[in-house]
Amino acid sequence: MDDVLVTGGSGHLGTDVVRLLLERGERVRVLSRTPRAGTDVKTFEGDLATGRGIREAASGVRAIVHAATLSPAALRGQVLPVDFVTSPPDVDVDGTRRLLEEAQRAGVQHFLYISIVGVQQSRFPYLRRKAQAENIVRSSAVPWTILPATPFYWLLARFHDHMTEQRIWFAPSNLLMQPGDSAEFAPYVTERLLAGPAGDAPCFGGPDVLSQGDIARQYQAARGLHRRIVEFPLPRFAVRASGPQTCDDGRRGATTWAQWLAKH
Ligand SMILES: NC(=O)c1ccc[n+]([C@@H]2O[C@H](COP(=O)([O-])OP(=O)(O)OC[C@H]3O[C@@H](n4cnc5c(N)ncnc54)[C@H](OP(=O)(O)O)[C@@H]3O)[C@@H](O)[C@H]2O)c1
């Protein structure tokens, strides 16, 4: 009962969490659909969407960081109209339920769920899936922590990379966001995991609250682009439906969006 399982251990956040846990002397396993050969990490081939391999990955584990997710918009780097209508439940909802069942069977002592700030208020389908997953975690018999973060810089960069060919960029002026570096979130995740179950834990966010126009301007400055940015206010119902994307009282990263862009 010594190992720690990290789902999403091959993703942006999970890779850093795995490395930090190894540095702390933990024995770490990763659940992945396409395991890679590694010396220090046991990789378990499995799929949260079908249930394949979850029992094997969870058995003999004392704690789980659940950081796997499936956001179609994040994968393609672009939000399409369909993303405002639906989002697949297989990984985030059904997969979380399956993983918790196996965690309970295995006697896991701490289940740490990585979430996103504002999911309980948001109407955006992918974030509704994360809210459903939070609720499943809260009603589980496995001792848990839910740790939400604001949007990560890598994702903002991916969305903006897909806009570089567009001559005009539209940016809601009243949609505030406090994005952060997932690499700075990872030490907080590790600390919280080793501290034990805490229920709803304080969020993680970056150092600055930015408008979408600020985010776009800093991206263009870093990449030497000169596209016209048209700022416009979203109607109030749309802002409410987006949910809050800032983290007022939680842990703050130090790296700014501009500094991150300069490094990547
Ligand atoms: N990105 C953001 O802006 C952001 C902001 C706040 C919070 N979060 C949350 O932070 C966590 C990590 O996000 P991230 O941005 O680091 O994610 P990411 O880089 O997109 O990685 C997604 C991970 O999910 C795994 N995964 C996807 N489908 C799976 C399946 N069917 N079975 C098993 N594993 C599956 C992938 O593993 P394989 O491909 O190896 O199977 C991959 O490791 C998520 O819970 C996310 O909701 C993200």
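Order of appearance sets the numbers: ligands from 1, and atoms from 1 within every ligand.
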To the closest 0.5 Å, what do you measure between CG (L100) and OG (S139)? 8.0 Å
Carboxylate-amine/guanidinium proximity below 4.0 Å for [X] and [Y]:
| X | Y | value |
| --- | --- | --- |
| E45 | R52 | yes |
| R33 | D47 | no |
| R19 | D40 | no |
| D3 | R62 | no |
| R158 | D161 | no |
| R98 | E101 | no |
| E191 | R24 | no |
| E134 | R138 | yes |

Taking all atoms of both residues into account, what is the closest heavy-atom pair of Q166 and R227, and its distance? O-CD, 2.9 Å
How far is [atom] from its nearest protein heavy atom, and which residue and atom name does that atom have?
| atom | value |
| --- | --- |
| atom 10 (O) of ligand 1 | I114 CG2, 3.2 Å |
| atom 34 (N) of ligand 1 | A68 CB, 3.8 Å |
| atom 11 (C) of ligand 1 | A67 O, 3.4 Å |
| atom 13 (O) of ligand 1 | F152 CE1, 4.0 Å |
| atom 23 (C) of ligand 1 | G8 CA, 3.7 Å |
| atom 21 (O) of ligand 1 | G11 CA, 3.5 Å |
| atom 17 (O) of ligand 1 | T69 CG2, 4.1 Å |
| atom 43 (O) of ligand 1 | S10 OG, 2.8 Å |

List every atom of ligand 1 that sits less than 4.0 Å from any heavy atom of [X], numbering the atoms from 1 in the order shown and giving each element.
| X | answer |
| --- | --- |
| D47 | 30 (C), 31 (N), 32 (N) |
| A49 | 31 (N) |
| L48 | 30 (C), 31 (N), 32 (N), 33 (C) |
| A149 | 6 (C) |
| I116 | 6 (C), 7 (C), 8 (N), 47 (O) |

Within the side chain of Y153, is there an N or O that forms a donor-acceptor pair under 3.5 Å with the backbone of W257? yes
Would you kindly specify which portion of [X] sits under 4.0 Å from ligand 1, judged on non-hydrogen atoms: side chain, backbone, both or neither?
| X | result |
| --- | --- |
| L155 | side chain |
| S182 | neither |
| Y126 | side chain |
| L70 | neither |
| K130 | side chain |
| T150 | backbone |

For ligand 1, is there an atom lying under 4.0 Å from some heavy atom of [X]?
| X | result |
| --- | --- |
| W154 | yes |
| T7 | no |
| S115 | yes |

Out of T190, I114, T150, D16, which residue meets the side chain to side chain contact (heavy atoms under 4.5 Å, CB included) rule with F185? I114
Paired with Y188, the side chain to side chain contact (heavy atoms under 4.5 Å, CB included) test is passed by just one of V17, L193, L147, namely L147
If we only count N/O pairs under 3.5 Å, is [X] in contact with ligand 1?
| X | answer |
| --- | --- |
| G14 | no |
| L13 | yes |
| R33 | yes |
| P151 | no |

Between the side chains of S182 and H12, is a donor N or O closer than 3.5 angstrom to an acceptor N or O? no
Do P235 and R240 come within less than 4.5 Å of each other through their side chains, counting heavy atoms only? no
